[in-house]
There are 2 protein chains.
Amino acid sequence: MTPSAQSTQPRRSDATRAAILRAARERFAADGYERATIRAIAADAQIDPSMVMRYYGSKEGLFAAAAEFDLRLPDLTSVPPAQLGEVLVRHFLARWEGDETLVALLRAASTNPGAAERMRGIFADQLTAAVATFGSDPALTARRAGLVASQVLGLAFTRYIVRLPPMVDTTPEELVSWIAPTLQRYLTGTPPS
Amino acid sequence: MTPSAQSTQPRRSDATRAAILRAARERFAADGYERATIRAIAADAQIDPSMVMRYYGSKEGLFAAAAEFDLRLPDLTSVPPAQLGEVLVRHFLARWEGDETLVALLRAASTNPGAAERMRGIFADQLTAAVATFGSDPALTARRAGLVASQVLGLAFTRYIVRLPPMVDTTPEELVSWIAPTLQRYLTGTPPS
DNA sequence: AACCATTGCCAACATCTGTTGGCAAACACT
DNA sequence: AGTGTTTGCCAACAGATGTTGGCAATGGTT
């Protein structure tokens, strides 16, 4: 859309753009979509609110840019089938410990339809595709992926959003030990009667 | 707090109060805390916005009244230990299918600190208490309850908030079959090494 | 009938929100 | 030097939001 999106032409305002994006991620993660105001984000980035509009068009556009998120799922075909669950939990925990993008997306998905749509895309597309790689009943892959998403998002929700004390205090490794068997069964277990 | 909270004195405005509460629950569930405006709630209840303020003091007060929620957990001591997981999932699904209070609480908990606090109270207190009834290692009950909460809230989040297609399309009974073993292990399984 | 609390509505307030237009300085290019 | 583009800020608008005070109508009580 922007006239300079054609090539690697570094702009003088790239630093400002990045500062806005960083501040936006922080605010969206901490406050959610509606409480995170453009004025507050601009103040954090130490620029004028009108700059945000010029560079990202609107608040929705800013959020779309700030909540870009890739699960970066590993290639599951090269994982021993018996360790799929463990690999997945560990990957998820490592992926978003310290990266507030997912927290921003998670918070916003509760109230912002666009964010929910993006969340659906991430987990329905990326995760379902990954689950589909190790061939099982194709009719079940979507359900398996959905179940994995339910446990994984529940983990994120209770640990980073609601901050349930037992879920916050438990170390990542202990969480992996508890939750890996769950994902393992959702992924490879035989469907219940 | 209100001067008439002392006894069963039916007021003429009870119908209005109830209408406000019903509209508030709907709006909070559908839009979240900040998007649900007092004006919209009042319009749904077909009264003036100032009535909401008079009867509930503030928007926070209205939400506190509308998001009153009791898990109504059954007495787990009278449940065969091997069926704890199944009983629990079934209870949760039945409890909030058709009752939008929890959805309201869930949506609001992402952005409203008070709602998150209440959510913490519900799941940390009520659920932990229920888990503690069938005696196991007291040092583990909090963690077991937290894990159960993570799966149960993840189920609610993916099914009612994000609306992941596979989680929406699956029937409650099928969900019970898949998820019951998870809760069973979180509740009674031996802790991983 | 006289009195008073309750119920309801209208109008307004102060504030905050996303968003816009214009203008000065800095820069790039010829 | 001169010209056009980019970067940044200021001021303001238009709308929405929670909240308040006053005033009429209603109902119950004596």
*Have B/Gln151 and A/Ser150 got a donor and an acceptor in their side chains that come within less than 3.5 Å?*
yes
*asked:* Quick test of your reading: applying side chain to side chain donor-acceptor pair (under 3.5 Å), list the pairs with at least one residue in residues 120-132 of chain A, sequence neighbours left out, ordered by first then second residue.
replied: A/Glu117-A/Arg120
*Taking CZ from A/Arg17 and C1' from D/dG8, how many angstroms apart are they, rounded to a whole number?*
13 Å
*Should B/Tyr55 be listed as having a side-chain N or O under 4.0 Å from OP1 or OP2 of C/dT6?*
no
*To the nearest angstrom, how far is B/Met51 atom CE from C/dA11 atom C1'?*
14 Å
*Where along residues 18-28 of chain A does a heavy atom come under 4.0 Å from DNA chain D, residue by residue in number order?*
none
_Test of understanding: with side-chain contact (heavy atoms from CB on, under 4.5 Å), list the residues that count as partners of B/Ala24, not counting sequence neighbours._
B/Phe28, B/Ile41, B/Leu62, B/Ala66
*asked:* According to side chain to side chain donor-acceptor pair (under 3.5 Å), does anything in residues 78-89 of chain A pair up with another residue at least two apart or in another chain? List the pairs.
replied: A/Glu86-A/Arg90
For nucleotides 24-27 of chain D, list the nitrogen or oxygen atoms of the protein found under 3.5 Å from its nitrogen or oxygen atoms, one pair per line.
none

*List for me each residue that meets salt bridge (charged side-chain N to carboxylate O under 4.0 Å, His left out) alongside B/Glu68, sequence neighbours excluded, and say none if there are none.*
none
*Using atom CG of B/Asp14 as one end and atom P of C/dT7 as the other, report the distance to the nearest whole Å.*
8 Å
*Of all residues at least two apart in sequence or in a different chain, which pass the salt bridge (charged side-chain N to carboxylate O under 4.0 Å, His left out) check with A/Arg54?*
none
_Does anything in residues 166-193 of chain B form a ring pair (Phe, Tyr, Trp, His ring centres under 6.0 Å)? List the pairs, not counting sequence neighbours._
none
*Who are the salt bridge (charged side-chain N to carboxylate O under 4.0 Å, His left out) partners of A/Glu174, not counting sequence neighbours?*
B/Arg143
*Any side-chain donor-acceptor pair under 3.5 Å between A/Glu173 and A/Ser177?*
no
*Roughly, in whole Å, what's the span from CG in B/Leu62 to C1' in D/dT17?*
15 Å
*For A/Asp44, enumerate each residue passing the salt bridge (charged side-chain N to carboxylate O under 4.0 Å, His left out) test, keeping only those at least two apart in sequence or located in another chain.*
A/Arg27
*side-chain contact (heavy atoms from CB on, under 4.5 Å) involving B/Asp169 - partner list, sequence neighbours excluded*: B/Pro165
_Per-nucleotide protein contact string for nucleotides 12-21 of chain C (B base, S sugar-phosphate only, - none; heavy atom under 4.0 Å)_ = B----BBBBB
